Amino acid sequence: MLLLHSLNANGLRTCGKMTAILEGIKGDILCLQETRWDKNSVEAATNIWNGNIFHNNGTIKSSGVATLIKNNNINDSKLVHKDNNGRLLIIDITVNNIIYRIINVYANNCEKERKEMFNKIGRWVNNKTVIVGDFNTVLTKSDISVNNVYKNDISRTALYELMNNHNLMDIWRIQNPLKRTFSRRQVVKGTLRQSRIDLCLRGSRTSVFFLLPLVHSPSLFHYHLTFPCILCLFICLDHSPRQFYCSGEAYLSFFFSCFPDGFNR
């Protein structure tokens, strides 16, 4: 069993923030979006993280994804593909002689570019794939608050086609069909807007169960008025039909204690 975390870091360049996240989040795999890393940032992360770091840097002002692997339970890991924009990173990991694929996504705010990304991802999907990250897309009306408008989105259609063509499931929504939980919060002209745009899609033969579906807290309030969310899930390697539940209180207490004053770049 592996534990994977995914986080839109909204910039991960300062020593304090980087140390708190890389040392504080316990797990086998850490997928980061919007790292805004450069060469020096990667070097700093390498000095903190005990394991392999795969990165696809954007610019210091936008984008950038990274997938960090600890070698305790993972026999091997290798780069499969990355785009030229710091928004897509694909890694294969080997556990007990079985290869699993982790696709780390940070989709563009531009609807057309999101559509192009989702159309291209399909060629990399196999039956042991987990796609995780910030999709910048809401799948259903249940993924937005009452103050949001469910707009037409051509990238949503492309994402649904990707899911249908490769039998991918939004695992959190399947386990929580009637629940509303949001991974992004913004205050726009005095109105709170909330949406669930951070997703985990799994292939038909990769057993994935959420430990902590989505986590956000006012203590993580930062620039742009956005709440980062931590996505935590188990990847069950033996495919056994087991469900895991956890209140997460101890985990949240620890994580939030790392940022008493919120996130600062």
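Please read all numbers here as calculations on a predicted model, not as lab measurements.
Within a 6.0 Å radius of CG in Asn47, other residues, nucleotides and ligands contribute more than 12 heavy atoms. Asn119 CG: more than 12 foreign heavy atoms inside a 6.0 Å radius. Atom NZ of Lys115 has 12 or fewer heavy atoms from other residues, nucleotides or ligands within 6.0 Å. The local environment of CG in Asn165 is crowded, with over 12 non-hydrogen atoms from other residues, nucleotides or ligands closer than 6.0 Å. Other residues, nucleotides and ligands contribute more than 12 heavy atoms inside 6.0 Å of the CD atom of Glu116.
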Verdict with reasoning, Lys128 to Arg101, per side chain to side chain contact (heavy atoms under 4.5 Å, CB included): CA-CA 6 Å; Lys128 289 184 175 61; Arg101 179 155 292 176; over 6 Å; no
Could you please spell out the steps behind the side chain to side chain contact (heavy atoms under 4.5 Å, CB included) verdict for Thr14 and Met18? CA-CA 6 Å; Thr14 63; Met18 184 182 294; over 6 Å; no
Set out, in order, the CA-CA distance, both residues' side-chain angles and the distance that settles side chain to side chain contact (heavy atoms under 4.5 Å, CB included) for Leu201 and Val130, then state yes or no. CA-CA 6 Å; Leu201 308 179; Val130 174; over 6 Å; no
Side chain to side chain contact (heavy atoms under 4.5 Å, CB included) evaluation trace for Val65 with Leu88: CA-CA 7 Å; Val65 288; Leu88 182 65; 5.9 Å; no
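Evaluated for a side-chain hydrogen bond (donor to acceptor under 3.5 Å, both in side chains) with Asp28, the options Asn71, Asn73, Asn72 yield exactly one hit, Asn73. With Asp143 as the fixed residue, the salt bridge (charged side-chain N to carboxylate O under 4.0 Å, His left out) test singles out one of Arg180, Arg173, Arg156: Arg173. Among the candidates Leu89, Thr67, Leu7, the single residue satisfying the side-chain contact (heavy atoms from CB on, under 4.5 Å) test with Cys31 is Thr67.
Judged by the 6.0 Å and 45° rule, Lys70 forms a cation-pi pair with Trp49.
The minimum heavy-atom distance between Leu68 and Ile53, with the atom names listed, is CG-CG1, 3.9 Å. A pairwise comparison of heavy atoms in Glu111 and Ile154 identifies OE2-N, 2.7 Å as the closest pair. For the residue pair Leu159 and Phe118, the shortest heavy atom distance occurs at CB-CD1, 3.8 Å. For Leu12 against Leu32, the heavy-atom pair with the smallest separation is CD2-CD1, 3.6 Å. Here the closest heavy-atom approach between residue Ser63 and residue Asn85 is recorded as OG-O, 3.4 Å. Closest of all the heavy-atom pairs between Leu199 and Leu139 is CD1-CD1, 3.9 Å.
Both Ile90 and Phe135 are assigned to one and the same hydrophobic cluster, defined by single-linkage of ILVMFWY side chains at heavy-atom distances under 4.5 Å. A chain of hydrophobic side-chain contacts below 4.5 Å, direct or via other Ile, Leu, Val, Met, Phe, Trp or Tyr residues, connects Tyr160 to Leu168. Ile99 and Ile74 fall into different hydrophobic clusters, where Ile, Leu, Val, Met, Phe, Trp and Tyr are joined by side-chain heavy atoms under 4.5 Å apart, directly or via other members. Tracing side-chain contacts under 4.5 Å through hydrophobic residues (I, L, V, M, F, W, Y), one never reaches Val138 starting from Leu192; they form parts of separate clusters.
Atom OG1 of Thr35 is separated from atom NE2 of His55 by 9.5 Å, given to the nearest 0.5 angstrom. Distance CD1/Ile29 to NE2/His5: 11.0 Å, rounded to 0.5 Å. With rounding to the nearest 0.5 Å, the separation of CD1 in Ile93 from OH in Tyr100 is 8.0 Å. Rounding to the nearest 0.5 Å gives a distance of 12.0 Å between CD1 of Ile121 and CE of Met163. The CG atom of Asp92 lies 10.5 Å from the CD1 atom of Ile69; values are rounded to the nearest 0.5 Å. Atom CG of Asn8 sits about 4.5 Å away from atom CD of Glu34, to the nearest 0.5 Å.
Between Phe54 and Lys82, every side-chain heavy-atom pair lies at or beyond the 4.5 Å cut-off. Side-chain atoms of Leu2 and Val95, non-hydrogen and from C-beta on, do get closer than 4.5 Å to each other. Within the 4.5 Å cutoff, side-chain heavy atoms of Ile131 are placed close to those of Val105.
In the model, Thr94 has no side-chain atom that pairs as donor or acceptor with a side-chain atom of Asp76 under 3.5 Å. A donor and an acceptor atom, one from each side chain of Asp83 and Asn56, are located under 3.5 Å apart. There is a side-chain donor-acceptor pair under 3.5 Å between Gln33 and Asn104. The closest side-chain donor-acceptor pair between Asn147 and Thr191, if any, does not fall under 3.5 angstrom.
Ser195 places no side-chain N or O within 3.5 Å of a backbone atom of Ile197 that could act as its donor or acceptor partner. Under a 3.5 Å cut-off, the side chain of Trp37 and the backbone N or O of Thr59 do not form any donor-acceptor pair. Between the side chain of Lys112 and the backbone N or O of Ser155 there is no donor-acceptor pair closer than 3.5 Å. Without hydrogens or angle criteria, Arg36 side chain to Arg13 main chain gives no donor-acceptor distance under 3.5 Å. A donor-acceptor pair is defined here as one N or O able to donate and one able to accept, closer than 3.5 Å; such a pair exists between the side chain of Asp38 and the backbone of Ser41. A distance-only check finds a donor-acceptor pair linking the side chain of Thr46 to the backbone of Val42 [under 3.5 Å]. When atom types are taken as modelled, the side chain of Thr129 and the backbone of Asn126 share a donor-acceptor pair closer than 3.5 angstrom. Although no hydrogens or angles enter the test, the distance criterion places no donor-acceptor pair under 3.5 Å between the side chain of Asn96 and the main chain of Ile98. Arg87 contributes a side-chain N or O that, together with a main-chain N or O of Tyr106, makes up a donor-acceptor pair within less than 3.5 Å.
Legend: residues meeting salt bridge (charged side-chain N to carboxylate O under 4.0 Å, His left out) with Arg114, ordered by chain and number and at least two apart, are Asp153. Not counting sequence neighbours, the partners of Ser77 by the side-chain hydrogen bond (donor to acceptor under 3.5 Å, both in side chains) test are Asn52.
In summary, Arg202 and Asp170 do not engage in a salt bridge, as defined by a charged side-chain N under 4.0 Å from a carboxylate O.
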